[in-house]
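Data first, discussion second: the structure below is written as C-alpha cells.
Please read these numbers as outputs of a predicted model, since none were measured by experiment.
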Amino acid sequence: MSPPVAGSDALALYPILEHLSEAARSRLQERARLLTIPVGTTVFDERQPCQGFPFVLSGSIRVVKAAPNGRELPLYRVTPGETCIISSACLLGQAPYNARGVSESETTLLVLPIADFQVLLGEPAFRDFIFQLFSERIADLMQLIEEVAFRKLDQRLAALLLGKGQRVHTTHQQLADELGSVREIVSRLLKGFAEQGLVGLSREQVEILDPAGLRRIAGG
C-alpha cells in the first residue's frame, strides 16, 4: 500500500493514518490536497465556510477570536502533528468558522475535502482521533477562560514573560496580542515592572532582571 500524499511526513506526524483501513488510506492519498501557505496569510476567517479538514505538516497557525474593535484573543496554535478543533466543529456542525486562523510562518497543510472527512468519520480510529482532539483542546480553552476571567493582566503578563527566557525579543503589541489586550495597557504594565526593577526595556526587547519578583506577581 502506497503512503498518503506527503508520504512519510504525514505518517510520522499523524500515526493515526497507519490505523486507517486500506480503502480509507487510498481515498486520502487520492483526494487530499497539499497546500503551502505564506507567512501572515489568513487561512480561514469568521463567517467563511469550512473548505476541508487540515493536517499541519510544517509551520503553525495561530487561531484567534476577533472583536469588532480589532482586539484579538488568542485561542490556540495548530502545529505539526495537530489539527484544528474549530475546523472539526464547523465540519461536524455544517456551520461557518467562528474564529480566524493566520499562518505564523510558511505553513504546509494536507487538506482533506469535506465529503472525505465525513467518510473517514466512519473509521473508528479516525473518529477516536477527532474526539481526543476535542478533549485536549477543550481542556486548553477552559484554562484560557480561567486565566482571562480570574487572573489579572499583570499576573498573566508576568507569567508570559517568564516563559520566554531571559531576553524576550518582542514588541509591546505582540505581547498584547498574545494576552488578548491592547498595547497601551501592556506598555503601562511593562513600565511599572521596569520601575520596580523587574525588567529592563529597550527597543523590541524585554530583559528579565528579577525572575523571582515576576514569579511573585504571576502567582498573585
Side-chain angles (χ1 to χ4, degrees), residues 37-48 56 59-79 82-87 89-90 96-107 134 136-220:
I37 300 170
V39 59
T41 300
T42 298
V43 183
F44 57 84
D45 209 343
E46 297 194 45
R47 295 181 292 279
Q48 288 183 347
V56 179
S60 65
I61 298 172
R62 182 170 179 260
V63 181
V64 302
K65 181 67 177 177
N69 63 6
R71 289 179 58 184
E72 293 182 344
L73 176 64
L75 299 178
Y76 55 87
R77 284 178 171 82
V78 188
T79 58
E82 301 176 337
T83 189
C84 180
I85 186 176
I86 288 179
S87 296
C90 292
Y97 285 109
N98 55 10
R100 176 181 302 151
V102 180
S103 57
E104 295 188 299
S105 59
E106 184 176 86
T107 300
F134 269 92
E136 293 171 357
R137 287 298 190 200
I138 287 173
D140 291 341
L141 290 175
M142 290 302 293
Q143 182 178 356
L144 173 63
I145 290 169
E146 181 179 340
E147 288 191 0
V148 171
F150 302 119
R151 292 185 75 189
K152 292 198 240 180
L153 189 60
D154 61 342
Q155 292 176 286
R156 296 171 55 215
L157 176 58
L160 179 63
L161 292 173
L162 286 168
K164 291 182 176 292
Q166 183 179 0
R167 286 183 175 82
V168 185
H169 298 280
T170 186
T171 66
H172 294 190
Q173 183 63 60
Q174 288 170 331
L175 290 172
D177 289 343
E178 289 196 60
L179 292 168
S181 183
V182 294
R183 181 185 58 77
E184 291 79 7
I185 295 176
V186 169
S187 294
R188 191 180 313 134
L189 290 172
L190 287 170
K191 183 178 178 182
F193 288 175
E195 289 173 349
Q196 297 174 63
L198 301 174
V199 302
L201 301 178
S202 56
R203 183 175 176 80
E204 297 190 2
Q205 180 174 289
V206 180
E207 183 178 3
I208 308 302
L209 301 177
D210 184 359
L214 285 178
R215 279 194 291 272
R216 285 194 295 271
I217 293 175

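Looking at Val199 and Leu214, their side chains come closer than 4.5 Å, going by heavy atoms from C-beta outward. Residues Leu75 and Ile86 are in side-chain contact: their nearest non-hydrogen atoms beyond the backbone lie under 4.5 Å apart. Residues Glu204 and His169 form no side-chain contact, since every pair of their non-hydrogen atoms from C-beta on lies 4.5 Å or further apart. Side-chain contact between Lys191 and Ser187 is absent, with no heavy atoms from C-beta onward closer than 4.5 Å. Residues Val56 and Arg77 are not in side-chain contact: their nearest non-hydrogen atoms beyond the backbone lie 4.5 Å or more apart. Side-chain atoms of Arg62 and Pro74, non-hydrogen and from C-beta on, do get closer than 4.5 Å to each other. A 4.5 Å side-chain heavy-atom check between Cys84 and Phe44 finds at least one atom pair inside the cut-off.
Ala99 approaches Val63 most closely through the heavy-atom pair CB-CG1, 4.1 Å. Of all the heavy atoms in Gly197 and Leu209, the pair that sits closest is O-CB, 3.6 Å. Of all heavy-atom pairs between Cys90 and Pro96, the closest is SG-O, 3.3 Å.
Looking at Gln48, its side chain does come within 3.5 Å of a backbone N or O of Asp45 through a donor-acceptor pair. A donor-acceptor pair under 3.5 Å is formed between the side chain of Ser103 and the backbone N or O of Gly40. Proximity of a side-chain donor or acceptor of Arg156 to a complementary backbone N or O of Leu179 within less than 3.5 Å is detected. In this structure, the side chain of Thr107 engages the main chain of Ser105 through a donor-acceptor pair within 3.5 Å.
Within the model, atoms OG of Ser181 and CD of Glu72 stand 12.5 Å from one another, a figure rounded to the nearest 0.5 Å. Note that OG1 of Thr41 is 9.5 Å distant from CD of Glu106, once rounded to the nearest 0.5 Å. Rounded to the nearest 0.5 angstrom, Ile145 CD1 and Asp140 CG are separated by 11.0 Å. Note that the CD atom of Glu178 and the NZ atom of Lys164 stand 3.5 Å from one another [nearest 0.5 Å]. Rounding to the nearest 0.5 Å gives a distance of 9.0 Å between CZ of Arg47 and CZ of Arg100. Between Arg183 atom CZ and Arg188 atom CZ the span is 10.5 Å, to the nearest 0.5 Å.
Shown are Val206, Leu189, Ile217; of these, the side-chain contact (heavy atoms from CB on, under 4.5 Å) with Leu157 is made only by Leu189.
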> Val64 and Val102: side chain to side chain contact (heavy atoms under 4.5 Å, CB included), yes or no, with the steps?
Replying inline: CA-CA 8 Å; Val64 302; Val102 180; 5.6 Å; no
>> Run Asn98 and Lys65 through side chain to side chain contact (heavy atoms under 4.5 Å, CB included) and show every step you take.
In response: CA-CA 8 Å; Asn98 55 10; Lys65 181 67 177 177; 4.3 Å; yes
>> Using the rule given for side chain to side chain contact (heavy atoms under 4.5 Å, CB included), can you reason through Leu190 versus Leu161, listing the C-alpha separation, both sets of side-chain angles and the distance that settles it, and then say yes or no?
In response: CA-CA 10 Å; Leu190 287 170; Leu161 292 173; 3.9 Å; yes
>> Would Leu201 and Phe193 count as a side chain to side chain contact (heavy atoms under 4.5 Å, CB included) here? Give the steps.
In response: CA-CA 9 Å; Leu201 301 178; Phe193 288 175; over 6 Å; no
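Sparse packing is recorded around CD of Gln143, with 12 or fewer heavy atoms of other residues, nucleotides or ligands lying under 6.0 Å away.
With respect to the salt-bridge test (charged N to carboxylate O, under 4.0 angstrom), the residues Glu82 and Arg137 qualify.
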